[in-house]
Amino acid sequence: MSFVDDFLQNKSDEKSTHDGVQFSLIRDIDELAPKFLTTRTVFWGLYFFSLIINLVVGFAHNFRASYDLLAADEAEYVQLANALLDGSLMVSARRTLGFPVILAAIFSISKNIVFLQCVIAAIYAFSAPMLFMAVRRLTGALVAAAIAGVALALWPASIFQGVSVLSESAALPMFLGVLAWLPAGSRLSGKVMTNARAAIISGLMLGVLTHVRPMYLLFLPILLMIIVIEERHIFLAAKRFSLIMVAYLVIILPWSVYVSTTFHRPILLSSNGGETLAGGLSPVLLEPRDDYVTATGRSTWVGAGKWISIQDNGYLTKQELALPYEAQDKLMRDRALAWIFSNPKQAIYIELCKLGYMWGVYPITKMHPVEIIAGNIPIVVLLVFSIVSLLARPVLALALARFWTQVLFVSAVGLISWGSWRFRQPADAALLAVATLSALSIGHVRQLVRRALLALR
């Protein structure tokens with residue numbers, strides 16, 4: 001059996017048998033599904049459905065016609081990819097090369113910017129079917145998993161980010177693949193087993209993912225939390241986490257050893273911690289600033305909750321801006337921490353603004369009506385519904401730990417960096433899964449879905 005066939009197969013030991021969790025009732029809906037709805041057909045159907053949406057929106061609105069219109073981070077990734085291709089790359093500890101390698105592979109075929117954005121959209125389109133597989137393999141439910149996948153394909157923030165030349169476009173489907181392969185603990189599967197192969201695969205995938213987007217290094221403590229919650233037996237939890245970590249380190253350590261020896265100090269992945277911290281926790285962000293228009297004509301703002309560049313964060317003098325990046329990063333880290341400890345109230349205010357911005361409640365007065373309707377309102381409704389549903393049913397919260405914990409993960413990323421909506425992508429997808437399963441655990445909603453399926457037959 002091939003790797004793909006193994007992944008798409010739904011095994012009986014992946015079906016939740018947790019006492020009190022109504023996954024069995026949710027799975028009963030599958031009996032009414034049309035015969036053509038198999039795991040394989042839903043997976044590929046969701047992929048092409050998501051791809052068509054991304055391409056239509058891209059050509060209608062989001063695709064850029066020139067490399068000059070790319071945002072700063074996008075342009076930097078493109079520059080690194082071109083340097084990889086022409087052999088002029090100067091290795092820096094600031095960026096990992098996972099995403100530039102993907103772009104370089106695309107550039108080896110064509111450097112046309114429309115082609116590039118189409119391929120990125122095609123990669124990102126795997127997010128919806130990967131969420132489907134994450135829900136399917138955890139619960140055994142086909143229809144519920146398909147609904148979650150459709151919801152992600154139609155999620156406004158997802159569609160907007162799916163055509164950007166940013167590492168998130170490749171990272172989200174990879175991350176959902178990690179959740180899909182992550183073995184369920186005995187609280188959910190009902191079986192006391194390590195499932196070593198799946199654990200190793202998820203660890204390898206997480207390692208590759210972290211090269212593409214280093215913020216997933218912060219997922220490791222959340223991963224441990226998920227395993228401990230799902231597993232009744234602490235020894236098995238430790239064994240499963242250890243297998244994942246060994247596989248993870250196999251992927252991470254070669255780069256770590258290389259950059260550490262190159263720059264003569266320990267570096268696990270990258271050395272931009274000072275820049276990240278200083279950009280999101282600077283007193284400059286508390287100063288009144290006018291809104292500005294981006295290269296693509298979009299009006300935006302800078303203030304508490306956002307991030308500000310090295311040149312503008314106020315932590316370095318003009319002379320220090322000429323120093324090597326590693327020296328700059330250390331200075332920014334030290335000075336940012338000194339400011340935080342000297343101004344705790346201001347720092348806490350900025351952190352609260354980051355969370356408020358990330359979760360759609362701030363700053364409403366600076367948001368455009370389209371952003372409020374398609375961005376702020378949907379995430380607030382989704383978050384509130386998910387929280388209320390899980391608080392009302394603690395057993396369901398226990399069963400869905402691998403999904404709701406993504407709220408903690410992305411919030412931690414935001415507190416360290418800033419409240420970007422694109423950092424929130426893993427939680428958006430996970431909360432759509434939580435909301436779908438929570439809604440289908442309500443009898444009336446299940447009846448509505450049953451009637452809809454009967455109408456299709």
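- Thr300 pairs with exactly one of Lys366, His368, Lys306 by the side-chain hydrogen bond (donor to acceptor under 3.5 Å, both in side chains) rule, that one being Lys306.
- Remark: side-chain polar atoms of Glu275 are not paired, donor with acceptor, to backbone N or O of Asn272 under 3.5 angstrom.
- Between Trp301 and Tyr357, the ring center distance clears the sub-6.0 Å criterion.
- In this structure a side-chain-to-backbone donor-acceptor pair under 3.5 Å is present from Arg424 to Met358.
- Closest non-hydrogen pair, Phe263 versus Ile267, comes out as CB-CD1, 4.1 Å.
- Every residue meeting the side-chain contact (heavy atoms from CB on, under 4.5 Å) condition with Val384, not counting sequence neighbours, appears here in chain and number order: Val380, Val388.
- Between Lys111 and Leu85, some side-chain heavy-atom pair lies under the 4.5 Å cut-off.
- Side-chain atoms of Glu320 do not come within 3.5 Å of backbone N or O of Gln328 as any donor-acceptor pair.
- Side chain of Trp404 to main chain of Ala397: a donor-acceptor pair is present (N/O by atom type, distance under 3.5 Å, no hydrogens or angles).
- The backbone N or O of Gly414 sits nowhere less than 3.5 Å from a side-chain atom of Ser417 that would complete a donor-acceptor pair.
- Considering all non-hydrogen atoms of both residues, Ser110 and Phe115 come closest at CB-CD2, 3.7 Å.
- The shortest heavy-atom contact between Leu281 and Trp339 is O-CE3, 3.8 Å.
- Between Phe63 and Phe59, the angle of the ring planes goes over 60°, which puts this pair in the perpendicular group of the 30/60° scheme.
- The shortest distance between side-chain heavy atoms of Ile227 and Ile244 falls below 4.5 Å.
- One finds the CD atom of Gln79 at 8.5 Å from the OG atom of Ser88 (value rounded to the nearest 0.5 Å).
- Distance alone, capped at 3.5 Å, places no donor-acceptor pair between the Ser282 side chain and the Gly279 backbone.
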